[in-house]
Structures are given as structure tokens and as C-alpha cells.
Amino acid sequence: MGQSDRGRVAVDGLIRHFGSVRAVDGVSLAAESGEFLALLGPSGSGKSTILMCIAGFETPDAGRVTVGDRDVTAIPPQRRELGMVFQRYTLFPHMSVLDNIAFPLKMRGVARAEREARAREALATVRLTEYGARMPAQLSGGQQQRVALARAIVYRPPVLLMDEPLSALDKALREEMQLEIKHLQRELGVTVVFVTHDQTEALTMADRIAVLDHGRLCQVGTPRDLYEAPQDPFVARFIGETNMLDGRALGDAASGGRIGVRLPGDVVVEATAMAPLARDAAVVIAVRPERLRAGGDGPVKGRMKEAIYAGVATTYVLEMPGGATVRLRSATGANAFDLADGGTVSLAWSPEDARAFPAAP
Amino acid sequence: MTAGRFVLHAAAWAVVVFLMVPTLVVVPMSFGPAEHLQFPPNGFTLRWYGDYFADPDWMSATWFSVRAGIIAAVGATVVGTMTALALVRGRVIGRRILDLLIVGPIVVPHIALAVALFLVFDRLRLNGTLVGFAIAHTVLAAPFAIFSVLAALYRFDADLEMAALSCGASRLRAFWHVTLPLILPGVLSGAMFAFIISFDEAVISFFISDIDGKSLPRKLFEDIDYNLTPVVAAVASLLSVVSIAVLVGGHVVGRITARRRAG
Amino acid sequence: MNAITSARHLSATATAALLTPFLALLAIAFLLPLGVLLYESLFVPAPTVQHYAKVFDDPVYVRVLWRTLRISAIVTVATLVLAYPLALVMTRSRGAVLALLVACVLLPLWTSVLVRTYAWTVILQRNGIVNQLLQELGWTSGPVRLLYTEGAVALAMAHVLLPFMVLPIWAALRNIPDDYARAAAMLGASPLRIFVEIVWPLSRPGVASGCLMVFLLSMGFFVTPALIGGPQQMMMATLVSQQVRELLNWPFAGALVGCLLVVTLGLVLAFNRTLGLDRFVGSR
């Protein structure tokens with residue numbers, strides 16, 4: 001194995017039950033060395049359980065966990081050589097900041113002098129050089145989380161696990177820390193597996209995002225892939241904002257093929273099939289609000305209900321003939337139409353921007 | 001203040017007086033010079049305290065109780081901490097039965113345990129021995145130590161143990177470096193409770209003592225019954241002071257630990 | 001949380017190892033002695049229930065049994081009446097006053113029962129404080145016998161056991177949110193109505209717990225009946241002591257203990273939840 005594989009983390013066919021609930025249901029996933037992988041999903045999606053299985057705090061019912069080329073499934077957490085940052089700061093309240101950071105080195109039998117030097121170095125990395133002698137209770141939340149980060153990286157683990165580490169911080173601090181963690185990760189070249197329920201956080205920080213729902217992996221990809229090409233209606237809904245329109249397939253189509261769909265109100269539109277679809281199958285079409293165009297003389301009519309002005313962009317809420325509402329977003333001032341409530345406008349989109357998924361049974 | 005509230009508060013303070021006064025009456029009487037107890041005392045003397053410290057019987061009973069108390073406190077605290085850890089972190093089969101067993105020594109009348117131990121210790125030749133007292137008092141005090149450590153463990157953030165493991169600590173070292181220092185106030189207060197329980201324990205001591213090996217409460221018991229001298233009042237006063245000192249000491253230790261942590 | 005395979009929990013082996021010292025201690029110094037004593041009561045000299053029958057047949061012992069029940073009931077009611085107002089005032093106090101009240105309840109609890117009982121012998125003896133006072137006031141011409149009366153035993157026991165009643169009632173009262181009383185007052189309830197309709201019903205678990213504890217402790221109480229009641233006011237515990245120490249009648253003492261254990265176990269099992277025993281360790 002090359003040095004470059006040391007930081008690879010993989011789970012393979014992971015299954016974990018809690019009673020009758022399948023918290024993790026057959027997930028296979030890998031983070032390459034030096035990659036920042038976010039596990040994104042709503043609560044109960046299994047993202048934290050996967051992280052706990054990697055860390056060793058949960059043992060999977062089936063499946064394997066590997067770090068580098070080592071199968072660690074049966075190895076206790078303290079011997080997996082992983083760094084971990086928890087949701088709450090989990091600093092040891094009876095130890096000074098420096099002692100907290102030096103703790104992993106002490107557990108590894110590093111001599112006192114070296115321990116202190118390396119802890120100071122880690123403290124400098126998180127820009128808290130002056131704070132070594134303080135007790136954790138004397139630090140702000142953001143500072144505490146930076147100390148926790150220093151403690152996790154001080155012994156240079158190839159992999160860093162983070163369990164919603166920023167969720168306890170307020171918004172401004174959170175955004176600042178997102179960039180700081182990202183820069184630190186690049187600098188150290190460490191692999192990060194990062195659990196979050198905040199899609200913006202995942203999009204901002206991650207090289208790749210794994211979207212999870214009900215214990216299943218929906219899609220893994222770069223932020224751009226997930227936003228531009230969701231392979232799953234859940235992903236389309238969960239990442240960014242999406243209009244979901246129910247309809248019926250007018251013909252058969254292979255995955256990736258063009259298909260006509262009849263919407264309520266007898267409106268027919270074109271879309272791209274994301275899975276093989278049969279004639280008359282119930283489908284749902286996902287279209288981003290900013291990919292909707294207004295004006296022209298298309299067959300789809302929308303009645304203006306509301307315009308929401310949000311500075312740089314304006315979102316229009318329109319009612320379709322069958323009663324469904326859609327949102328259309330455009331740069332403020334870019335649209336020729338400026339309709340009073342109740343006015344009607346034609347709506348259009350490119351077929352490749354409308355994705356037809358089989359509707360959930 | 002309405003009439004109702006006045007009556008309520010008056011009643012409550014009357015009860016407080018009822019709670020405190022009988023014990024407090026003994027203290028001034030122990031300083032009275034008369035050969036028999038008098039209230040109010042008509043003078044001041046430390047003679048009875050001197051008599052206590054000069055009497056080899058009182059002294060040997062006192063040291064016997066101190067030693068038994070220390071052994072029981074250490075024993076009950078170690079056993080209690082282990083048990084509390086098992087209850088909070090372990091997988092316990094038959095939890096309901098275990099819970100009942102834990103409260104057993106508290107709810108079973110002491111007279112029952114006292115005569116039962118007397119009977120068994122008689123066959124094992126443990127009556128009047130330090131070992132016998134230590135065993136009996138450890139059983140009596142262990143539940144209190146368990147409760148005290150349990151309370152501390154419930155307040156303790158279990159994620160800190162996980163953090164220690166993720167730092168590479170073994171379970172044992174995580175306990176030693178992280179869990180134990182943080183639950184120490186609970187462990188120490190458990191130890192103090194255990195010491196006081198042993199040191200003040202009268203019923204089991206009454207039965208399992210013999211001529212050579214007797215605890216301070218047993219000696220006090222005899223003298224109250226047969227030999228009402230002011231020395232007894234002096235010993236009773238000292239015993240109260242020791243209990244209160246240990247209790248207040250435990251409280252102060254807890255406060256100091258909490259303050260140091262807050263920085 | 002499924003505990004079976006999570007590293008947050010100890011393995012079954014580790015758990016068993018941690019529990020072993022306590023269970024061993026309990027087996028040797030608790031279960032075994034009580035078992036041996038009960039064996040004596042049922043199988044010596046031969047398998048028999050005659051020792052138990054004697055407890056309920058012999059008028060001497062029936063009288064002791066009744067006295068024990070009577071005194072226990074009196075003590076329970078007396079401590080309840082004394083404890084409730086104090087607990088109520090504790091709930092409404094803050095700061096230094098509260099600290100003083102709590103100290104006044106906890107300090108006696110952790111002072112030797114023997115010392116507190118001794119105080120009563122000093123107060124109640126022939127030339128004790130009460131008799132001095134009575135004579136100085138001219139209410140009695142000579143000393144009145146106060147020790148070795150049922151009233152004296154009940155009085156001293158009520159004093160000794162009072163903290164066991166105050167603490168659970170206080171705990172229950174403390175858990176009633178102030179908002180309930182405020183809401184009731186806003187709706188026009190008088191303080192008395194608030195107490196009857198809200199405070200008392202919500203404090204009943206604490207009252208039940210305190211009554212059970214005091215009754216249980218009274219039934220088996222030894223020190224106070226021994227020193228204040230003497231042979232004249234014999235209760236169950238002092239009778240057991242007499243049988244063991246003076247008559248060496250182990251089987252009968254075992255039967256008496258057996259009866260006490262049945263009452264204890266029955267009440268504890270029936271009211272396991274209400275008891276909330278950990279409350280007595282100390283209140284934070």
C-alpha cells in the first residue's frame with residue numbers, strides 16, 4: 001500500500017439495527033485519502049450511526065469498516081488511530097487546554113517535553129497560542145471547538161471524524177469555522193468524514209457529499225453533481241430548492257431518454273427520464289426554480305399569486321392549472337414581466353432541466 | 001403577612017426547634033461541673049472531656065470505631081463505585097432484582113441484620129473482631145456509596161469517556177484520567193457517608209461487640225443504660241461534632257472541586 | 001438505544017466483574033446470615049411453624065406486637081403532622097433561610113440515633129429538665145415518671161425519624177411548578193383552596209413515601225425503645241434482643257425477625273416506586 005492510501009476510509013455493506021429500526025441499511029461508501037466527505041441527511045437518516053461505526057463506538061450488525069488497508073471492524077475505538085470531534089465540545093473540564101490537547105500523546109506514551117511542544121504546535125494551528133493555561137470553562141464555544149479540533153489532530157491521525165461539530169455555534173461563527181476547518185484540512189492533507197444535517201454546510205465544505213435517507217445511501221457526488229444532476233427525488237428535494245410536479249408518463253422511456261408527461265389540468269410537458277418509465281406510470285418531475293422561464297407563448301400557464309423580493313433575486317409563486325404551485329426565481333429586474341396578482345404568464349423549461357422520477361408508490 | 005402564613009411559619013420554626021434542641025441541650029450539660037447532669041449547668045469545666053480522653057476503655061472503643069469506620073468507608077466506596085459503574089455503563093441482567101438487593105440493607109430492620117450477623121459471626125468467631133465490624137458496616141454503607149456515585153455518574157457527561165477513547169485511551173485509563181477525577185466529589189461524599197454510618201452505627205455494634213472488641217456506640221449504649229455520668233454527655237457531644245464536621249467537610253470538598261473546574 | 005453492540009457500554013463480562021464484589025459481600029454478610037436465622041426459625045429443632053404460631057398466640061407477645069403497631073402508627077402520623085408545615089416553608093424559602101432549614105433537617109439525620117436518644121433520656125429522667133420545670137412551675141409536687149412510658153417512646157422516636165418524613169415531602173413539594181399556584185390564584189382560588197386542590201394532591205407521592213419509610217423504620221426500631229421504653233414498653237426489636245441475649249431462644253427470635261422481614265418485604269415490593277430510596281442519600 002502506498003503512503004497515499006493511509007487515509008482511505010471505507011464502509012462496505014454496513015447494516016446496523018436499533019431494535020426493529022434499520023438505522024443503517026446496507027451502505028457502502030469510501031472517502032479517499034485527503035478527501036473531505038460530508039454525510040448529509042435529515043435526523044434519523046443514519047449518518048451519525050455510520051460515523052459511530054467508523055469510530056468504533058457502534059458495532060455494525062453486518063458489513064466491514066476499513067481504514068487504510070486495515071479491517072478495523074472488530075477493533076476497539078482507542079486502537080483505530082482516528083481523530084474525532086464531537087457535537088458538543090467534550091473537552092475534559094478538569095484539565096487545562098494544553099493538557100487536553102496533550103492527552104492523546106500522553107495515552108501514546110510520548111515524553112512530557114515532546115508532548116508539550118507538539119500540543120503547543122497544535123494550539124498554534126487553531127490560532128489559540130495564548131490560551132494553553134486556561135481551563136475549558138473559560139473559553140467561548142467557538143474556542144472550545146477549536147481546542148477539540150487541536151486535540152483531534154495533535155497525533156496526526158490520517159483520518160478525522162466530525163459529528164456535527166458546528167451545530168452548537170451561532171450562525172456567524174459557524175460560517176467562519178466552516179472555512180477554517182476546510183483550510184486546516186487542506187493544509188494537513190487529512191481525510192475528513194463530516195456529519196451534518198445542514199446542506200449549505202455540506203456544499204460549502206465537502207469535496208464530495210453522501211446523501212442519506214432512512215439508513216440508505218441516495219447519492220454520492222460532488223456538490224455540483226448533486227445540485228445539477230440529482231439521481232433521486234429525495235436528493236433533488238433535500239439539496240437546494242426544487243419544484244415537484246406530479247404527472248403521468250405518456251409513453252415508454254429508457255433512463256436518460258426524453259419523455260412526455262401529462263400534468264393535472266391536461267397540460268403536457270417534456271422531461272428527461274431518470275429511470276426506465278412505462279406508459280401511464282405515475283411520475284414526479286423536479287425542476288429548479290431558477291431553471292423555470294416565464295414569458296413567450298408556451299402551453300403551460302401560471303397564475304401569479306405572490307412575488308417574494310429577496311434583494312438579489314425575486315421568487316414568484318405561481319399556480320398551475322391543476323392547482324399545484326410552482327416557484328420561479330430570477331435575478332431581480334431581469335424579468336420583463338411585472339404582473340399584478342392574478343395575472344397569467346406562460347412557463348417553460350428545457351427538457352434536460354426537468355427530471356422525471358418514478359413516483360413513490 | 002396573612003394570619004394563615006404566620007401560623008404556617010410559626011409551626012415550621014417550632015418543628016425546627018423540636019428537631020434541634022434536644023441534641024443541643026446535651027452540649028452545655030457536658031460542661032457542667034456537677035457529678036450528675038444539670039440544666040442549666042452551674043459552672044464550666046472540661047473535666048468530663050479529660051476523663052474521656054484519660055479512660056483506656058473509652059479510648060480503645062474510639063480507636064476501634066475509627067479503624068472500623070475507615071475500613072468500611074474504603075470498602076463501601078470501592079465496592080459502591082464498581083457497582084454504580086456497572087449499573088450505569090454495563091449490561092445488567094435482572095436489574096429489578098439487583099435494585100431490590102441494593103436497597104436491602106437500607107430497608108431491612110437493623111435489628112434483623114444485627115441478630116443474624118451475631119448468630120453467624122458467633123460460629124465464625126468474628127464477634128468482637130475488627131474484621132467482623134468492617135464486613136457488617138461495609139454491607140450497611142455500600143448502598144449509600146452506590147447512590148452517591150450513581151448521582152455523580154448521572155451528572156457526568158458520558159461523551160467525555162468516548163472522547164477519551166477516541167484519543168487512544170484504554171477503558172481503564174479513560175476511567176482513571178477522565179471519569180474518576182470528574183465523579184470524585186460523589187465518590188468522596190460517598191466515603192464520608194459510609195464512614196459516618198459505620199462510626200455512628202449502634203444496633204449491629206450492640207450485638208456483635210464483646211468484652212474486648214467493642215465500638216464507641218456500643219460503649220456509649222452501655223453507659224447510657226447503666227452509668228449516667230456527665231462523661232456520656234461529653235462523648236455524645238463529641239460524636240455529634242464529628243458527624244457534623246465530616247458532613248460539612250464533604251460539602252466543602254464538593255464546592256471547592258466545582259469552583260476549580262469553573263476556573 | 002440498543003445496548004448489545006455499542007462500545008458506549010461495557011461488555012457483559014466486565015459488568016459481571018464489576019458487580020462481583022458487591023454481590024459477594026451481600027451474599028456473605030446479608031443474605032447468608034438472614035437465611036441462617038430464618039432456617040433456625042423454621043427447622044429447629046424440627047421442621048415446624050410453632051415459633052411463628054407463638055408470636056400470634058401467646059398474649060404476652062401479641063401485646064408486644066400490638067404495641068409495636070400502635071407506636072409505629074402514632075409515630076408515622078405525628079411525624080407527618082410535624083413535617084408537612086416545615087417542608088412547605090422549606091419550599092417557599094430561598095437563600096440563607098433555606099440553607100439553615102436544610103441544615104436543621106440533615107444534621108440530625110447524620111447525627112447518631114444513639115446521641116439523639118440519649119438527649120431524650122437526659123430530658124425525661126426523674127431529675128431531668130422536664131421534671132425540674134414541672135416542679136418549679138408547681139404543676140407537680142414530686143418527679144413524674146416519664147421514661148419507660150409509651151408516650152416517651154413515641155415522642156423520642158418521632159423526633160429521631162422526623163427527617164425521614166421531611167425530605168420526601170420536601171422533594172415532592174419542590175417539584176410542583178410555582179406556575180400552578182400562580183395560575184390558580186389568577187383564576188381566583190384562595191390560598192386554602194390552592195393548597196387543597198393543587199398542592200396537597202401533587203405532594204401525595206412524597207407523603208406516601210415518607211409515611212412508608214417512617215413506618216418501616218419504626219416497626220424494627222431498636223435503640224430508642226431499648227433506652228427509653230425499657231422492658232416495660234417492649235417492642236418487636238427489643239423483644240428480639242431479649243430472646244437472643246437473655247433467653248438464647250434463637251428459633252423464636254428468628255420467627256420474630258421473619259415476621260418483620262415479611263412486613264418489610266411486602267411493603268417495599270408493594271410500594272417500590274413510591275419509596276424513592278435514593279432521596280435519603282442527601283438532597284441537592
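Letters A, B, ... mirror the listed sequences (proteins, then strands); counts begin at 1.
- Contact tally against chain B (heavy-atom pairs below 4.5 Å) for A/Q87, A/R134, A/K106: the top residue is A/K106.
- Looking at heavy atoms from C-beta onward, A/M107 lies in side-chain contact with B/H177 at the 4.5 angstrom threshold.
- The two residues B/S170 and A/Q78 make their nearest non-hydrogen contact at CA-NE2, 3.9 Å.
- If you measure heavy-atom distances from A/Y89 to chain B, you find no contacts under 4.5 Å at all.
- Within 6.0 Å of CD1 on B/I93 lie no more than 12 heavy atoms contributed by other residues, nucleotides or ligands.
- Distance alone, capped at 3.5 Å, places no donor-acceptor pair between the A/R80 side chain and the B/S166 backbone.
- Residue A/L105: no heavy atom, backbone or side chain, is found under 4.5 Å from chain B.
- Taking 4.5 Å as the limit, some side-chain heavy atom of A/P93 sits within range of a side-chain heavy atom of B/L160.
- Residue with the most contacts toward chain B among A/R79, A/R88, A/M95: A/R88 (heavy-atom pairs, distance under 4.5 Å).
- The shortest heavy-atom contact between B/A163 and A/F86 is CA-CE1, 3.4 Å.
- When heavy atoms are compared at a cutoff of 4.5 Å, B/D157 approaches chain A solely by way of its side chain, counted from C-beta outward.
- Proximity to chain A is absent for every atom of B/A174, based on heavy atoms less than 4.5 angstrom apart.
- How far CE of A/M84 is from CE of B/M162: 6.0 Å, rounded to the nearest 0.5 Å.
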